[in-house]
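Read the structure below first, then the notes.
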Amino acid sequence: MIVLVGFMGAGKTTVGRLLADRLGLPFVDTDLVIEDRERRTVPDIFAADGEQAFRDVEQAVVADVVAGPEAVVSLGGGACGRAATREVLRAHTVVHLDVSFEQAKARTAGDTYRPMLHRPGLAELHASRRVVFEDIADLSVRTDGRRAETIALEVLDRVTDQDGVLVAPPGGTYRVHVRAGSLADVGPQLPATGKVLVVGRAADPSLARILPGLRAQAHVVELPEGPVKTLDVYGRLALHAAEIALHPDDLVLAVGDEAVVDVAGFLAATYNRGVRWAVVPRSLEGLVDSSLGGKVALDLPQARNLLGAVHQPVAVFSDPQGVSADTDPRFGAGLAEAVKTALVADPSDLELLVAGAPAVLAGDVEAISALVRRAVVTKARIVTADEREAAGRLHLNYGHTFSHAFEQFDVENPLSLGLMAAAHLARRLGLLDDAGVGAHRDALRAFGLVTAHRFRLSELQPFWLRDKKFKDGVRFVLLHGPGRPEAGVPATDDALTGALEDLAEDR
Ligand SMILES: Nc1ncnc2c1ncn2[C@@H]1O[C@H](COP(=O)(O)OP(=O)(O)O)[C@@H](O)[C@H]1O
Ligand SMILES: O=C(O)C1=C[C@@H](OP(=O)(O)O)[C@@H](O)[C@H](O)C1
Ligand SMILES: [Mg+2]
């Protein structure tokens with residue numbers, strides 16, 4: 001049970017509701033339970049029977065609520081005055097939302113609902129209650145000048161397991177555990193479950209490291225090399241799931257490259273209208289980008305990712321050990337994703353990325369882990385704020401509109417070229433200066449990635465028709481500078497032709 005305490009106006013009711021949503025738990029506000037039980041409002045109880053009568057009811061209600069089913073519980077500001085209440089709270093996670101007297105007054109100015117606000121000595125009441133809150137709380141969160149959403153996320157981060165990067169979009173809260181050499185620990189860290197349907201590649205040595213640690217009954221489906229994001233492979237997985245009678249609270253464990261994770265995730269999103277799943281990415285693209293955020297999809301012959309869903313996993317286990325240019329045929333694509341994420345994040349992120357490039361290229365696991373962790377933190381932040389691509393998550397498509405079109409041709413690194421093309425286009429449109437384009441080129445070259453290629457606009461245009469960002473013409477994510485992305489930017493054919501010319505000449 002997570003119990004929010006704090007002075008009137010601290011935001012217990014507001015933050016509690018947000019927190020419950022994120023945790024998928026019921027929300028209980030003890031004031032509302034009191035009103036329900038008494039069939040009168042809080043001010044009516046105060047007016048008719050006085051404060052002590054209210055406190056008696058409140059004490060009984062708090063005791064009942066915390067003894068009930070798991071929930072996020074917001075108490076009234078005066079509830080902790082009773083020693084008996086403080087006693088029953090000892091077994092629970094108590095969070096103090098700390099608010100200054102000035103802010104509390106500002107937030108409740110004009111309030112007619114809270115009788116205690118009109119008592120004399122309110123400042124002293126605030127000071128003395130604060131001592132009690134701090135004493136009984138397991139953690140205390142500052143609220144002055146901060147949005148309720150931000151406060152809820154901090155509480156979430158601090159009350160859940162500390163190990164790993166927190167991802168907390170509305171669709172599910174989970175951690176990304178980035179640690180070199182951690183494959184063998186995956187099994188013991190999975191949530192308790194009856195069955196696990198493990199989906200991986202037949203040739204992947206990671207499976208042998210993970211399977212012995214699984215505590216649940218494991219069913220392993222080994223996929224062949226080659227394309228697997230197909231209706232055919234999906235159909236086979238679904239039949240297998242039906243065969244073993246997989247249930248929503250069982251677990252699909254996706255182990256492997258992006259394609260394996262996508263098809264296994266799509267199964268988890270759709271089978272029985274959703275089964276819990278966890279991800280063990282075994283490619284750099286997966287570690288850096290696709291393992292978190294819950295996007296899953298199948299390809300159709302017409303285009304990639306046409307059938308998809310957003311289904312958040314319950315955990316991601318990212319072990320950079322064993323993922324290298326030798327084992328991962330798409331290592332360069334993963335590096336380009338890391339550059340993309342840093343370009344979208346901020347200039348210092350990009351600097352750190354470039355500084356680490358020689359060690360990453362030399363296969364240094366710690367350097368690769370650091371690169372992965374930075375990308376995960378950025379993506380976790382973005383996805384937490386925008387699960388459904390209404391705003392910030394769109395920025396993670398940076399370079400992708402170009403790269404998806406470039407992929408049709410046999411080019412070395414479509415995303416590296418896509419990022420360069422986006423930089424050239426932004427310069428042609430007057431958004432980005434020469435230094436900004438240079439920052440793209442330098443970062444990509446630091447990782448030995450290609451920065452020049454000749455494409456014709458007429459070859460790309462038909463492909464963009466099916467792009468999800470197409471809206472009266474193709475739309476791009478472009479940068480005004482590192483860390484300053486903008487989505488939905490249209491471009492004239494002239495600007496596009498010019499940008500492709502710049503890309504061909506690498507200028
Ligand atoms: N972090 C915040 N910043 C600004 N206003 C807030 C914040 N949290 C809550 N509020 C506002 O303050 C008032 C009191 O919030 P409420 O959640 O009812 O507090 P409590 O339950 O702790 O008394 C409401 O009008 C609410 O919208
Ligand atoms: O501080 C108090 O003594 C009270 C706070 C109120 O709840 P909030 O803290 O949610 O405003 C409510 O329980 C009642 O008006 C008494
Ligand atoms: Mg309240």
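Just follow the structure's listing: the first ligand is 1, and inside any ligand the first atom is 1. Side-chain atoms are counted along with the backbone in the values below, which use heavy atoms only and exclude waters and symmetry mates.
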Checklist entry - Against heavy atoms of Arg55, which atoms of ligand 2 measure under 4.0 Å? => result 2 (C), 3 (O)

Checklist entry - For ligand 2, which atoms have a heavy atom of Lys12 less than 4.0 angstrom away? => result 8 (P), 9 (O), 10 (O)

Checklist entry - Can Gln103 be said to touch ligand 1, with heavy atoms closer than 4.0 Å? => result no

Checklist entry - Counting heavy atoms only, which of Asp31, Leu4, Leu97, Thr30 comes nearest to atom 7 (O) of ligand 2? => result Asp31

Checklist entry - Is Ile151 touching ligand 1 with its side chain, its backbone, both, or neither, if touching means heavy atoms under 4.0 Å apart? => result side chain

Checklist outcome for this item: min-distance protein heavy atom vs atom 1 (O) of ligand 2 -> Arg129 NH1, 2.7 Å

Item to check | Nearest non-hydrogen protein atom, atom 11 (O) of ligand 2 | outcome: Arg114 NE, 2.6 Å

Item to check | Non-hydrogen side-chain atoms of Val155 and Leu97 separated by less than 4.5 Å | outcome: yes

Checklist entry - Under 4.0 Å from any heavy atom of Pro115, which atoms of ligand 2 are there? => result 15 (O)

Checklist entry - Which bit of Arg114 is near ligand 1, meaning a heavy atom under 4.0 Å away: side chain, backbone, both or neither? => result side chain

Checklist entry - Among protein heavy atoms, which lies nearest atom 27 (O) of ligand 1, and at what distance? => result Thr14 OG1, 4.2 Å

Checklist entry - Does even one non-hydrogen atom of Gly77 get within less than 4.0 Å of ligand 1? => result no

Next on the checklist: Under 4.0 Å from atom 2 (C) of ligand 1, can you find at least one protein heavy atom?
Outcome noted: yes

Checklist entry - Does Ala148 have a heavy atom less than 4.0 Å from any atom of ligand 1? => result yes

Next on the checklist: Side chain or backbone, does Val42 bring an N or O within less than 3.5 Å of an N or O on ligand 2?
Outcome noted: no

Checklist entry - So, is Tyr113 polar-close to ligand 2, with some N/O to N/O distance under 3.5 Å? => result no

Checklist entry - Mind checking whether Phe476 and Trp464 have parallel, tilted or perpendicular rings, split at 30° and 60°? => result perpendicular

Next on the checklist: Ring-plane angle category for Phe101 and His126, please: parallel below 30°, perpendicular beyond 60°, tilted otherwise.
Outcome noted: tilted

Checklist entry - What protein heavy atom sits nearest atom 13 (C) of ligand 1, and how far off is it? => result Arg107 O, 3.9 Å

Item to check | Subset of ligand 2 atoms that lie under 4.0 Å from at least one heavy atom of Met116 | outcome: 2 (C), 3 (O), 16 (C)

